Engineer: 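Can you read through this structure? Questions will come right after.
Each chain gets a letter, A, B and so on, in the order its sequence line appears, and its residues count up from 1. As the structure is a prediction and not an experimental result, all values here were calculated from the model.
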Number of protein chains: 4
Amino acid sequence: MSRQEDRSMTNHVTVFRVRYAETDQMGIAHHGTYLTWFEMGRSGLCRDWGKPYARWEAEGIFLPVVEASCRYKSPARYDEELALHTQVEQVKPHSVTFRYRLFCGGRLLAEGRTRHAFTDPEGRLIRQGHPLIQWLRERSAEGL
Amino acid sequence: MSRQEDRSMTNHVTVFRVRYAETDQMGIAHHGTYLTWFEMGRSGLCRDWGKPYARWEAEGIFLPVVEASCRYKSPARYDEELALHTQVEQVKPHSVTFRYRLFCGGRLLAEGRTRHAFTDPEGRLIRQGHPLIQWLRERSAEGL
Amino acid sequence: MSRQEDRSMTNHVTVFRVRYAETDQMGIAHHGTYLTWFEMGRSGLCRDWGKPYARWEAEGIFLPVVEASCRYKSPARYDEELALHTQVEQVKPHSVTFRYRLFCGGRLLAEGRTRHAFTDPEGRLIRQGHPLIQWLRERSAEGL
Amino acid sequence: MSRQEDRSMTNHVTVFRVRYAETDQMGIAHHGTYLTWFEMGRSGLCRDWGKPYARWEAEGIFLPVVEASCRYKSPARYDEELALHTQVEQVKPHSVTFRYRLFCGGRLLAEGRTRHAFTDPEGRLIRQGHPLIQWLRERSAEGL
């Protein structure tokens, strides 16, 4: 993926620093924390696009994670400033996949993906379309 | 408090090991984790006494923390087996205070307290008595 | 994989309860926590097999995660008792892969994998064999 | 303390949003997270003042927490933007106390304190003065 595409409208960048509590005794950020960072990236993207995730839940649509993966290429250290690039990779009728790339300066630290179901508050799949899902499909296609 | 009292019915002991994710780059368990351990102690005590906290919430009573404190005397390290002693220290009409002491072998690592309000699901104080609160008062007085 | 194999010597079972702090406002255990649970499973397996991971680090061998994935099939809830099955799936010259399956009663909640490099304290790959790595290969092959 | 003093040089403000992972099934930010936020405030203050905490550790001075307390007045919710005010309250020969106040808009959500020892990498108290400790005492007195 070219730098040009990185700056497309489908890409959200979150900048933050590694917290001390996020390190472990190996002296690097704990690998489990990355999933929390990815979540922060999704939140930022939805907020930025004008549909904060809190509103999704208020309208009765939840996006539980059904699959997550991450490849760790280089460690992140305490207080380093990181840039997380978040994209909607694919919207299907019953799920959405986000893609993440984490950078420190120009260095790629990690990349990952999460796939989410669209469910109601009780965790049941939403079988029919919903304006928010439709919006997500259209909005994420815009910049391509 | 004497050892005798420690073994009273008002005392619950939870045994667990320090997780790797709970350490930080200082090579010791992160101080924030202790509040999570204390919570595990409260959960164990309520379950042991026959009124799991999940049931409290199911009956519409929540116990949000309104005050917490901890004194850290000696560090806890990865994979060490710890014993957390939890007690109900005081039950008032609108709050309950738990006390915690954390041991590794015979060594006291930390002691702390949390105070909790009794609220409804919306976070409003429960003004009137409730059978569960009454039960907690009586049950915690038994062993004294 | 048959139940028979599950009970082989290459399989370690960790039993634990979901902590309140591990839930999120969806009312289920947060997906990031699963990686911490998997880590607890690895720790238990190494301890059980007589080579606690703390000893690995003391001997200068670290196992940072280079890849992690998880499929979430059914949510875990506060205070539920879970059983985590951990296996060494593959030992290569420079990495080891663990496999995890998480159960609540007979229900499979999630399955995942983590791949770990063998590094020195500075994070450099250990290029040559080491008795602990050799031991891991042999020990994990025993039950197959 | 007046608003005037709040803006003194001894006061650092960190602005951040509540992460989804930081909520629990009560639908509010988990109380243990506040200690992690306070830590983020200390980190920000030290960085802002030109002596990042990473440098302290590089020079062999560690600041483990020996005491922590927090009063929770009003809950914090997912994605809310919070402002954490951090101050050095007192510098003693062997310890430093930080004070924190957490706001959402004009509303005070919580206030807390942490006390830290000055130790070497092995956790032994630093008995003699050190330029960084001297600096902290002088710098924190400036704005008063």
Side-chain angles (χ1 to χ4, degrees), chain A residues 21-43 52-54 56-58 60-77 95 97-98 100 102 108-125, chain C residues 21-43 52-54 56-58 60-77 95 97-98 100 102 108-125:
Chain A
E22 292 169 345
T23 64
D24 61 27
Q25 70 180 37
M26 226 178 269
I28 59 178
H30 187 263
H31 65 283
T33 308
Y34 289 61
L35 294 190
T36 296
W37 293 342
F38 292 170
E39 186 173 67
M40 189 169 56
R42 291 193 298 278
S43 283
Y53 177 64
W56 290 65
E57 291 200 351
I61 303 196
F62 291 72
L63 274 72
V65 178
V66 292
E67 204 167 343
S69 63
C70 186
R71 299 185 65 178
Y72 306 85
K73 296 168 183 299
S74 185
R77 296 185 190 282
S95 72
T97 302
F98 290 88
Y100 315 89
L102 184 68
L108 177 65
L109 302 189
E111 47 185 351
R113 275 178 179 78
T114 56
R115 195 163 63 84
H116 304 253
F118 301 119
T119 77
D120 66 17
E122 280 72 44
R124 289 178 298 239
L125 276 182
Chain C
E22 292 169 345
T23 63
D24 61 27
Q25 71 179 38
M26 226 178 269
I28 60 178
H30 187 263
H31 65 283
T33 308
Y34 289 61
L35 295 190
T36 295
W37 293 341
F38 292 170
E39 187 174 66
M40 189 168 58
R42 292 193 296 279
S43 284
Y53 178 64
W56 290 65
E57 291 200 350
I61 303 196
F62 291 72
L63 272 73
V65 178
V66 293
E67 206 167 342
S69 63
C70 186
R71 298 184 67 177
Y72 307 84
K73 296 168 183 299
S74 185
R77 296 185 189 281
S95 72
T97 301
F98 290 88
Y100 314 88
L102 184 68
L108 176 65
L109 302 188
E111 48 185 349
R113 275 179 180 77
T114 56
R115 196 164 62 84
H116 304 254
F118 302 118
T119 77
D120 66 18
E122 279 72 45
R124 288 177 300 238
L125 275 182

Engineer: What's the shortest heavy-atom distance between C:Y72 and A:E67, and which atoms?
Structural biologist: CD1-N, 3.8 Å
Engineer: Using non-hydrogen atoms only, which part of A:P75 is less than 4.5 Å away from chain C: side chain, backbone, both, or neither?
Structural biologist: neither
Engineer: Taking side chain to side chain donor-acceptor pair (under 3.5 Å) as the definition, give me every residue that meets it alongside C:Q25, ordered by chain and number, with sequence neighbours left out.
Structural biologist: A:E57
Engineer: Quick one: of C:G32, C:S69, C:C70, who has the most non-hydrogen atom pairs under 4.5 Å with chain A?
Structural biologist: C:C70
Engineer: Would you please name every residue forming a side chain to side chain donor-acceptor pair (under 3.5 Å) with A:T97, sequence neighbours left out?
Structural biologist: none
Engineer: Under 4.5 Å, heavy atom to heavy atom: which of residues 33-41 of chain C reach chain A? Give them by number, or say none.
Structural biologist: C:L35, C:T36, C:E39
Engineer: If contact means a heavy atom pair closer than 4.5 Å, which residues of residues 109-122 of chain C contact chain A?
Structural biologist: none
Engineer: With respect to chain A, which residue among C:H30, C:R71, C:H31 yields the maximal number of heavy-atom pairs within a distance under 4.5 Å?
Structural biologist: C:H31
